[in-house]
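First the structure, in the form of structure tokens, and then the observations on it.
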Amino acid sequence: MPRPQLSPIINACIAIAETVGVPVGDGEAPECPMPYIVVSNVSSPRYDGPLDDIEADSSDRIQFSYVGETREQADAMRDSIRLSLTVSAFNAELVALAANRRTMRIVLDIPRGTKRDERGLPNAIFLGVDQYLIDTTPFIP
């Protein structure tokens, strides 16, 4: 039996990002003015168990990129996501949106500060990037 795709985990993360109140892109920038957030799965999920075991635990690396016109905008989006990913409400949302998988652990694995970027743009943008490691396990209600 093939292992199920865990793309619903990215959908759960997009839903969390949408609570910030700015446009959210799935893997690429949305066609809109700043500010916005881009949510990407930056690596294939890792599994604890053989490939035919659909009950195996998994680990996804999800990247949140925060793009704003000011450093304060980018930092505010980053802080809101960091807060959202540390509250227990995320577990309930992840179970509902991620094919009945429960969060075991969420780790801010690669935090990067907000940087000013002026490459070829008429105005500078401010870009912040965080990568989270999200470990899930099957959940059967």
Side-chain angles (χ1 to χ4, degrees), residues 1-121 123-141:
M1 177 182 287
R3 187 178 302 275
Q5 294 296 321
L6 294 182
S7 60
I9 290 175
I10 198 83
N11 292 337
C13 289
I14 288 169
I16 293 296
E18 288 173 341
T19 66
V20 174
V22 299
V24 177
D26 181 359
E28 57 187 53
E31 302 223 5
C32 65
M34 293 180 279
Y36 59 84
I37 299 172
V38 178
V39 180
S40 309
N41 196 337
V42 294
S43 66
S44 296
R46 294 183 317 223
Y47 296 99
D48 178 19
L51 287 177
D52 63 348
D53 180 6
I54 63 170
E55 301 287 317
D57 296 342
S58 72
S59 184
D60 287 81
R61 183 175 302 281
I62 307 295
Q63 178 171 296
F64 291 80
S65 303
Y66 317 101
V67 180
E69 295 174 323
T70 66
R71 182 178 308 277
E72 291 76 17
Q73 267 184 344
D75 287 347
M77 291 183 287
R78 182 201 62 218
D79 292 346
S80 182
I81 294 295
R82 285 183 180 177
L83 181 62
S84 293
L85 290 177
T86 60
V87 296
S88 61
F90 183 72
N91 287 334
E93 184 147 5
L94 191 60
V95 168
L97 294 172
N100 291 324
R101 295 192 69 83
R102 177 173 291 178
T103 318
M104 294 187 302
R105 179 176 69 142
I106 299 173
V107 176
L108 177 55
D109 194 38
I110 304 175
R112 296 186 179 121
T114 302
K115 306 278 187 207
R116 182 183 176 107
D117 187 350
E118 298 184 41
R119 292 177 283 171
L121 301 169
N123 298 314
I125 64 169
F126 290 85
L127 173 66
V129 176
D130 282 340
Q131 287 186 11
Y132 291 85
L133 194 59
I134 300 177
D135 295 336
T136 61
T137 191
F139 172 70
I140 301 167

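In this chain, numbering begins with 1 at the start of the sequence shown.
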Check: To the nearest 0.5 Å, what is the distance between CZ (R112) and CZ (R78)?
Finding: 13.5 Å
Item checked: Minimal non-hydrogen separation, P35 against M77, with atom names -> CB-CE, 3.8 Å
Next item on the list: Write down the atom of P111, the atom of D130, and the distance for their closest heavy-atom approach.
Entry: CA-OD1, 3.4 Å
Next item on the list: Report yes or no: does D117 contribute a side-chain atom to a donor-acceptor pair with the main-chain N or O of R119 at less than 3.5 Å?
Entry: yes
Check: Do you know which of Q131, Q63, R61 makes side-chain hydrogen bond (donor to acceptor under 3.5 Å, both in side chains) with D109?
Finding: R61
Notebook entry, point to check: Looking only at atom types and distance, does a side-chain atom of S84 sit under 3.5 Å from a main-chain N or O of S80, one as donor and one as acceptor?
Noted result: yes
Margin query: Which heavy atom of I10 sits nearest to which heavy atom of S40, and what is that distance?
Written below: CD1-C, 3.5 Å
Check: Any idea which heavy atoms bring I81 and I16 closest together, and the distance?
Finding: CD1-O, 4.1 Å
Next item on the list: Can you see which heavy atom on S59 is nearest to which on D135, and at what distance?
Entry: OG-OD1, 2.6 Å
Notebook entry, point to check: What is the distance from atom OH of Y132 to atom CZ of R82, rounded to the nearest 0.5 Å?
Noted result: 5.5 Å
Next item on the list: Give, for atom NZ of K115 and atom CD1 of I125, the distance between the pair rounded to the nearest 0.5 Å.
Entry: 14.0 Å
Item checked: Criterion side chain to side chain contact (heavy atoms under 4.5 Å, CB included) against Y66, the qualifying member of V20, I37, D75 -> I37
Note to self: Please identify which of these residues, T136, L133, D57, meets the side chain to side chain contact (heavy atoms under 4.5 Å, CB included) condition with R105.
What the structure shows: L133
Margin query: As an exercise, state the distance from CG of L85 to CG of L108, rounded to the nearest 0.5 Å.
Written below: 9.0 Å
Check: From I134 CD1 over to C13 SG, what is the distance, rounded to the nearest 0.5 angstrom?
Finding: 3.5 Å
Checklist line | Atom of S65, atom of L127 and distance for their closest heavy-atom approach | finding: CB-CD1, 4.2 Å
